[in-house]
A.B. asks: 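Encoded as structure tokens, here's the structure I'll be asking about.
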Amino acid sequence: MSKELAKTYNPKEIEEKLYEKWCENKYFHAEVDRSRKPFTTVMPPPNITGKLHMGHALDNTLQDILIRYKRMQGYNALWIPGTDHAAISTEVKVTNQLKEEGIDKKELGREGFLERTWQWKEEYAGTIENQLKKLGISCDWDRERFTMDEGCSKAVEEVFIRLYEKGYIYKGSRIINWCPKCKTSLSDAEVEHEDQDGHFWHIKYPIVGTDDFLEIATTRPETMLGDTAIAVHPEDERYKDIVGKNVLLPLVNKEIPVVADYYVDKEFGTGAVKITPAHDPNDFEVGKRHNLEEINIMNDDATINEKGGKYAGMERYEARRAIVKDLEEQGYLVKVVPHSHSVGTHDRCGTTVEPLIKQQWFVKMDELAKPAIEALKTGELKFVPERFNKTYLHWLENIKDWCISRQIWWGHRIPAYYCDECGEFVVAREKPSVCPHCGCTHFTQDEDTLDTWFSSALWPFSTLGWPEQTEDLEYFYPTDVLVTGYDIIFFWVIRMVFSGLEHTKKSPFHTVLIHGLVRDSQGRKMSKSLGNGIDPLEIIDQYGTDALRLTLVTGNAPGNDMRFYHERVEASRNFANKVWNASRFILMNMEENVSEPESALMTPADKWILSKVNTLAKDVTENMDKYELGIAVQKIYDFIWDEFCDWYVELVKYRIYHKEENPAEANCALWTLKTVLGNALKLLHPYMPFITEEIYSALEPEEESLMISTWPVYKEEWNYPAEEELLEHMKDITRGIRNMRSEMNVPNNRRTKVFVVSEDVKLLYGLDQMIESVKPLMAANDIIVESEKKDIAEDAVSVVVPGATVYLPLEDLVDFEQELARLSKEEERLNKEIARARGMLSNEKFISKAPEAKVAEEKEKLEKYTQMLEQVQERMAGLKK
RNA sequence: GGAAACUUAGCUCAGCUGGGAUGAGCGUUCGCCUCACACGCGAGAGGUCACGGGUUCGAGCCCCGUAGUUUCCACCA
């Protein structure tokens, strides 16, 4: 940064250059160093399915803020980046890409498809990496990982085998969620439920041996092809006599029994339920209890199979229509009632999920869940904000076994090998040579792959070398904070916690910082289908990375959603420009050899701003330690703009402009400017890394880099309470004068005498010390400070501020009536204030119960306002003469 | 059917362990191109903190209830 700077900040000129410098110097890289404390975080690996969206920008900005902060505090900060193979999502994307080229993935075969998908991975992982770099994030690129790289795959295999050997992984035939489009099983978490308008078809089933019918209601009539019973509530008087009898399944013309089961709700529908064990999770349970046959009537693509008789080959909804039509024609359909019900859909493709019975691999969850619940209760793990504890616990306490096998190619293949001869399987690290069951030597590996979350669950330790007991693992693990959105607590956070506890005996992190969603300006979720997504790169291009980052953290509390719109980024951009220009002003005037001045040379203003930045450092640190990043950055913003720019820089101009006459005073001002700006830049750096680094390098050219400099800490010697008080008085006086002038339409260029009358000796003395500096702020050509009102003409306007009365002789402009009106308004206000304070102080309970400090505070206020009121009244009396 | 969050200035949102809403940005009114910045400077206007109770000397904040909005979970055929 040279001294001839552009009037507006141009992020494009510096961002790339600085990022390269940081990378070249390995500032992001961390190695084991036992002399320092580590601070570790792992990046939630973005899916390689596409480019990053605003949610990623938020997630990574938050992490970068924390990691930069900790790094400056002296921690050995490690942030591991990486990407996720995103099994089904990626397979769908690549399959579609192939389809566009007219290629069926089956033609390619497994190997060919995988080769193609690895190509895809290379391309997208590269794109994602570049995007992250644009965001300025300081993760350790030397440690970049991928959920399907060698190390992660090794960890996956090891975990699978260990859990299998422990009996926690099993293969079983259970009812699972099936996506007929992706042709794979899904876990419960991957199924989204949405309410759809459907119908209730009331159908009558003839009771065998009578002329009676049993009426049932169903939302999915096509499943009747697989009905193997009707269930009623055991205590339902209506059906008491029918239990044990058979009914005739219409269309199929098969007799099925009526069973009694507590699952049935007497009040709902007709109180009689058709039971299709193979196509409904509840019916499956009922079926187990009553030993019912399970008839699977569907193929993997949700067409009706050969068990469906004449409906075989039909697509599921086509079959539904045909069956309803037939029922109606044959007189079995009683009525159709509109009915809204919840339908499960695949979260990746939106297809309605079909519950089917399939052989799948499962993780037994009950034992694994217990330590994860315990970790939260003991405090080993905590959520910020705390309300997510409930979400976490509720899920774990109601957890069901996790279906982990997927019938797709892209993913970690299950390490189970089937004997070609006897069909028995062996779970092993390598393909076995001899079958322990039959002695045969030919094996085929299980075709299935694992749920994508199976590998991401290991991310915090697989990326550090587990299952090897590496030095990295020992030193950096457990990690410290995990930053992620509330939308993947179930998918990911919970699974990482129980996996970490199971395999490393430790919670993988002590804190989970949860953030919300970035929504559009109308509060809608950003989505491809709505086309309302905002590309972070476009924003960066338009306003700069720092502006984007600032926008993403201001005015937001942890866990809350935010709305994103251009006006907010503009405000951030404006702030960047403000910082830029204040710095430009300082650098333009900066001398080579500024030195720390004697305390005696410092003006009250210098001490005040030092004191302010000192307190700021303390407050910001406290807020950041509590993850209150929005509050922290707001304080920095306010300090820089309001205190530093609007007051201090203005107060310093006189000394700077009179450098030649008084170099010592100028030095003092410059040193303070440099020191305070330097500290402010440090505090701001985690939020706005580029602009702060750029300015700092010009301000402190001898220092290597701001990002590796030390975080400001509170120092007692910069605590100047008296000067803080004095400057508050000075501001009150200045505002009083400006207010008066504005109200009276005094032209800007008209300078006046200013009389400050006060009994406060310290105030008078302090003002006197800064008189030349203060003049421009008060639009004064002369400031007279005195302890009592002497030769001030009555045709002056006056304003009473705490501790002083200020007069402006504005003979020609004074309107006595107006002046009296103004004063009486002020009198009224003060009377109200006094009444309020008196009211509190006359309440005995307040005096006896409120903390002493609070009582003293109110007494002080009462005194202050009473004094001001006297001044106002005195002035009014003078005017009335 | 459970659970959570939200309801504060025209808009979007902050408000830490309860102690005068001197809250922020945007918008708006008035005056300023004052030699760092018009992406700016100065001065204003604008709020019964959803509603009703309760606890407390004191409630935007704690407790209970009501209404509206949003989200998550759940097997109601």
Side-chain angles (χ1 to χ4, degrees), chain A residues 5 7-9 193 200 216-220 223 231 263-265 267-276 280-285 339 341-342 344 355 385 387-388 390-391 394-395 398 486-487 489-490 516-517 521 523 543 547 551 554-557 559-565 567-568 570-589 619 622-623 626 628 630-631 634 637-638 645-646 649-650 653 657 734-735 738-743 745-749 776-777 779 833 836-837 840 843-851 853-855 857-858 861:
Chain A
L5 290 170
K7 271 172 81 168
T8 46
Y9 168 56
H193 294 275
F200 239 160
I216 60 96
T218 180
T219 53
R220 304 179 57 209
T223 61
Y263 154 70
V264 180
D265 178 354
E267 313 303 322
F268 193 82
T270 62
V273 191
K274 61 190 264 318
I275 300 296
T276 322
D280 182 282
N282 296 308
D283 293 5
F284 180 77
E285 297 299 326
H339 179 68
H341 63 127
S342 148
R387 73 179 118 99
F388 291 100
K390 281 203 172 181
T391 316
H394 182 260
W395 175 269
N398 296 288
Y486 58 71
D487 49 335
I489 293 177
F490 304 129
L517 267 38
S521 60
Y543 303 99
T551 307
T554 35
N556 186 250
N560 287 2
D561 291 353
M562 75 174 72
R563 296 194 193 197
F564 193 96
Y565 44 92
E567 288 85 344
R568 291 189 59 220
E570 271 172 32
S572 302
R573 187 267 321 264
N574 293 352
F575 176 66
N577 198 235
K578 188 71 184 177
V579 172
W580 180 258
N581 274 294
S583 306
R584 191 162 69 100
F585 170 76
I586 292 166
L587 289 166
M588 267 168 15
N589 293 289
D619 290 351
E622 278 173 14
N623 286 131
K626 287 190 277 181
E628 295 165 349
I631 296 174
Q634 184 65 245
Y637 179 104
D638 290 343
C645 293
D646 289 349
V649 170
E650 294 305 322
K653 282 180 174 170
Y657 292 156
T734 308
R735 285 198 203 100
R738 288 168 173 177
N739 179 317
M740 257 193 289
R741 290 176 58 106
S742 176
E743 217 169 286
N745 295 313
V746 181
N748 267 22
N749 55 7
L777 309 203
E833 295 289 1
R836 196 194 67 87
M840 281 179 89
N843 182 342
E844 273 175 43
K845 286 182 171 170
F846 173 71
I847 303 287
S848 59
K849 294 198 174 175
K854 189 68 202 163
V855 177
E857 198 183 311
E858 287 304 322
K861 283 180 194 167

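First the proteins, then the strands, lettered A, B, ... as listed; each starts at 1.
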A.B. asks: When you compare U7(B) with G47(B), how far apart are their C1' atoms, in angstrom units rounded to a whole number?
C.D. replies: 14 Å

A.B. asks: Measuring only the P atom in each nucleotide, how far is G27(B) from C61(B)? A whole number of Å is fine.
C.D. replies: 32 Å

A.B. asks: Identify which nucleotide among C26(B), A3(B), G40(B) has an atom closest to any side-chain atom of N574(A), counting heavy atoms from C-beta outward.
C.D. replies: G40(B)

A.B. asks: Between C13(B) and G60(B), how many Å separate the two C1' atoms, rounded to a whole number?
C.D. replies: 15 Å

A.B. asks: Can you say whether a donor on the side chain of E650(A) sits under 3.5 Å from an acceptor on the base of A36(B), or the other way round?
C.D. replies: yes

A.B. asks: Indicate, with a heavy-atom threshold strictly under 4.0 Å, whether K861(A) touches base, sugar-phosphate, or nothing.
C.D. replies: base

A.B. asks: Reckon F575(A) touches a base, only the sugar-phosphate, or nothing at all at heavy-atom distances under 4.0 Å?
C.D. replies: nothing

A.B. asks: Is there a donor-acceptor contact under 3.5 Å from the side chain of R573(A) to the main chain of Y9(A)?
C.D. replies: no

A.B. asks: On a whole-Å scale, what distance lies between the C1' atoms belonging to C76(B) and G15(B)?
C.D. replies: 43 Å

A.B. asks: Go ahead and name the base partner of C72(B); Watson-Crick or wobble counts if both distances stay under 3.5 Å, otherwise write none.
C.D. replies: G2(B)

A.B. asks: Identify whether any heavy atom of N745(A) sits under 4.0 Å from a base atom; if not, whether one sits that close to sugar-phosphate; answer base, sugar-phosphate or nothing.
C.D. replies: nothing

A.B. asks: Taking the nucleotide of RNA chain B with the nearest heavy atom to each, does V746(A) or M562(A) sit closer to the 5' end?
C.D. replies: M562(A)

A.B. asks: Kindly say whether, by distance alone, the side chain of K578(A) makes a donor-acceptor pair under 3.5 Å with the base of C37(B)?
C.D. replies: yes

A.B. asks: Name the nucleic acid region contacted by R573(A), choosing base, sugar-phosphate or nothing; use a 4.0 angstrom heavy-atom cut-off, strictly under.
C.D. replies: base

A.B. asks: Could you give the distance separating G52(B) and A14(B) at their P atoms, to the nearest angstrom?
C.D. replies: 24 Å

A.B. asks: With heavy atoms under 4.0 Å as the rule, sort R735(A) into base, sugar-phosphate or nothing.
C.D. replies: sugar-phosphate

A.B. asks: For G25(B), which nucleotide is its Watson-Crick or G-U wobble mate, given both distances must be under 3.5 Å?
C.D. replies: C11(B)

A.B. asks: Give the nucleotide from the list A77(B), A36(B), A4(B) with an atom nearest to the side chain of V649(A).
C.D. replies: A36(B)

A.B. asks: Starting at atom CZ of R584(A), determine the distance to atom P of C35(B), rounded to an integer number of angstrom.
C.D. replies: 12 Å

A.B. asks: Which part of the nucleic acid does R387(A) contact within heavy-atom distance under 4.0 Å: base, sugar-phosphate only, or nothing?
C.D. replies: sugar-phosphate

A.B. asks: Checking contacts here: which listed nucleotide (A36(B), C41(B), A43(B)) is nearest the side-chain heavy atoms of D646(A)?
C.D. replies: C41(B)

A.B. asks: Mind checking N748(A) for me? I need base, sugar-phosphate or nothing, with any heavy atom below 4.0 Å counting as a touch.
C.D. replies: base

A.B. asks: Suppose we call a contact any N or O donor and acceptor under 3.5 Å apart; does that hold for the side chain of K653(A) and the base of A36(B)?
C.D. replies: yes

A.B. asks: Going by purine N1 to pyrimidine N3 plus the second Watson-Crick contact, or the G-U wobble pair, all under 3.5 Å, which nucleotide sits opposite C30(B)?
C.D. replies: G42(B)

A.B. asks: Classify D265(A) by what it touches in the nucleic acid, base, sugar-phosphate, or nothing, heavy-atom distance under 4.0 Å.
C.D. replies: base

A.B. asks: Of all the choices, A77(B), G42(B), A36(B), which nucleotide is nearest to the side chain of T219(A) once you look at every atom?
C.D. replies: A77(B)

A.B. asks: Heavy atoms only, 4.0 Å cut-off, all strands: where does N749(A) land among base, sugar-phosphate and nothing?
C.D. replies: nothing

A.B. asks: Which nucleotide, G25(B), C41(B), A36(B), lies nearest any side-chain atom of Y565(A)?
C.D. replies: G25(B)

A.B. asks: Would you indicate what G630(A) reaches in the nucleic acid, counting non-hydrogen atoms under 4.0 angstrom: base, sugar-phosphate, or nothing?
C.D. replies: nothing

A.B. asks: Identify which nucleotide among C26(B), A36(B), U12(B) has an atom closest to any side-chain atom of R563(A), counting heavy atoms from C-beta outward.
C.D. replies: U12(B)

A.B. asks: Determine the interatomic distance between C1' on C49(B) and the same-named atom on A9(B); round to the nearest Å.
C.D. replies: 11 Å

A.B. asks: Which class fits the ring pair Y486(A) and F388(A): parallel under 30°, tilted 30 to 60°, perpendicular over 60°?
C.D. replies: parallel

A.B. asks: By the 4.0 Å heavy-atom rule, please label P851(A) as base, sugar-phosphate, or nothing.
C.D. replies: base

A.B. asks: Examine distances only and state if a side-chain atom of D561(A) and a backbone atom of L517(A) form a donor-acceptor pair shorter than 3.5 Å.
C.D. replies: yes

A.B. asks: Donor-acceptor check, side chain of R220(A) to backbone of D280(A), threshold 3.5 angstrom: yes or no?
C.D. replies: no

A.B. asks: Would you classify A582(A) as touching base, sugar-phosphate or nothing, given that sugar-phosphate means primed atoms plus P, OP1 and OP2, and contacts are heavy atoms under 4.0 Å?
C.D. replies: base

A.B. asks: Once rounded to the nearest 0.5 Å, what's the spacing between atom CD1 of I275(A) and atom CG of D283(A)?
C.D. replies: 4.0 Å

A.B. asks: Please check: side-chain N/O of R741(A) versus main-chain N/O of P747(A), any donor-acceptor pairing under 3.5 Å?
C.D. replies: yes

A.B. asks: May I have the distance from R738(A) (atom CZ) to C41(B) (atom C1'), rounded to whole angstrom?
C.D. replies: 9 Å

A.B. asks: Given the P atoms of A45(B) and A4(B), what is the spacing between them in whole Å?
C.D. replies: 42 Å

A.B. asks: For the residue pair K653(A) and F585(A), would you count it as a cation-pi contact if the rule is NZ or CZ under 6.0 angstrom from the ring centre and within 45 degrees of the ring axis?
C.D. replies: yes

A.B. asks: Hey, is the main chain of N577(A) close enough, under 3.5 Å, to the side chain of N581(A) for a donor-acceptor pair?
C.D. replies: yes

A.B. asks: Run the salt bridge (Lys or Arg N to Asp or Glu O under 4.0 Å) test on K861(A) and E857(A) for me, step by step, so that the C-alpha distance in whole Å, both residues' side-chain angles and the decisive distance to 0.1 Å come before the verdict.
C.D. replies: CA-CA 6 Å; K861(A) 283 180 194 167; E857(A) 198 183 311; 3.6 Å; yes

A.B. asks: Would you indicate which nucleotide in A77(B), C26(B), A43(B) comes nearest to any side-chain atom of T218(A)?
C.D. replies: A77(B)

A.B. asks: With distance as the sole test, does S848(A) use its side chain to make a donor-acceptor pair with the main-chain N or O of K845(A) at under 3.5 Å?
C.D. replies: yes

A.B. asks: Among C37(B), A43(B), G25(B), find the nucleotide with the atom closest to the side chain of Y637(A).
C.D. replies: G25(B)

A.B. asks: Side chain of N581(A) only, heavy atoms from C-beta on: which candidate in A24(B), A14(B), C37(B) is closest?
C.D. replies: C37(B)

A.B. asks: Using the P atom on both, measure A3(B) against G18(B) and round to a whole Å.
C.D. replies: 26 Å

A.B. asks: Going 5' to 3' through nucleotides 70-75 of chain B, assign each nucleotide B (protein heavy atom under 4.0 Å from a base atom), S (under 4.0 Å only from sugar-phosphate atoms) or - (no protein heavy atom that close).
C.D. replies: --SS-B

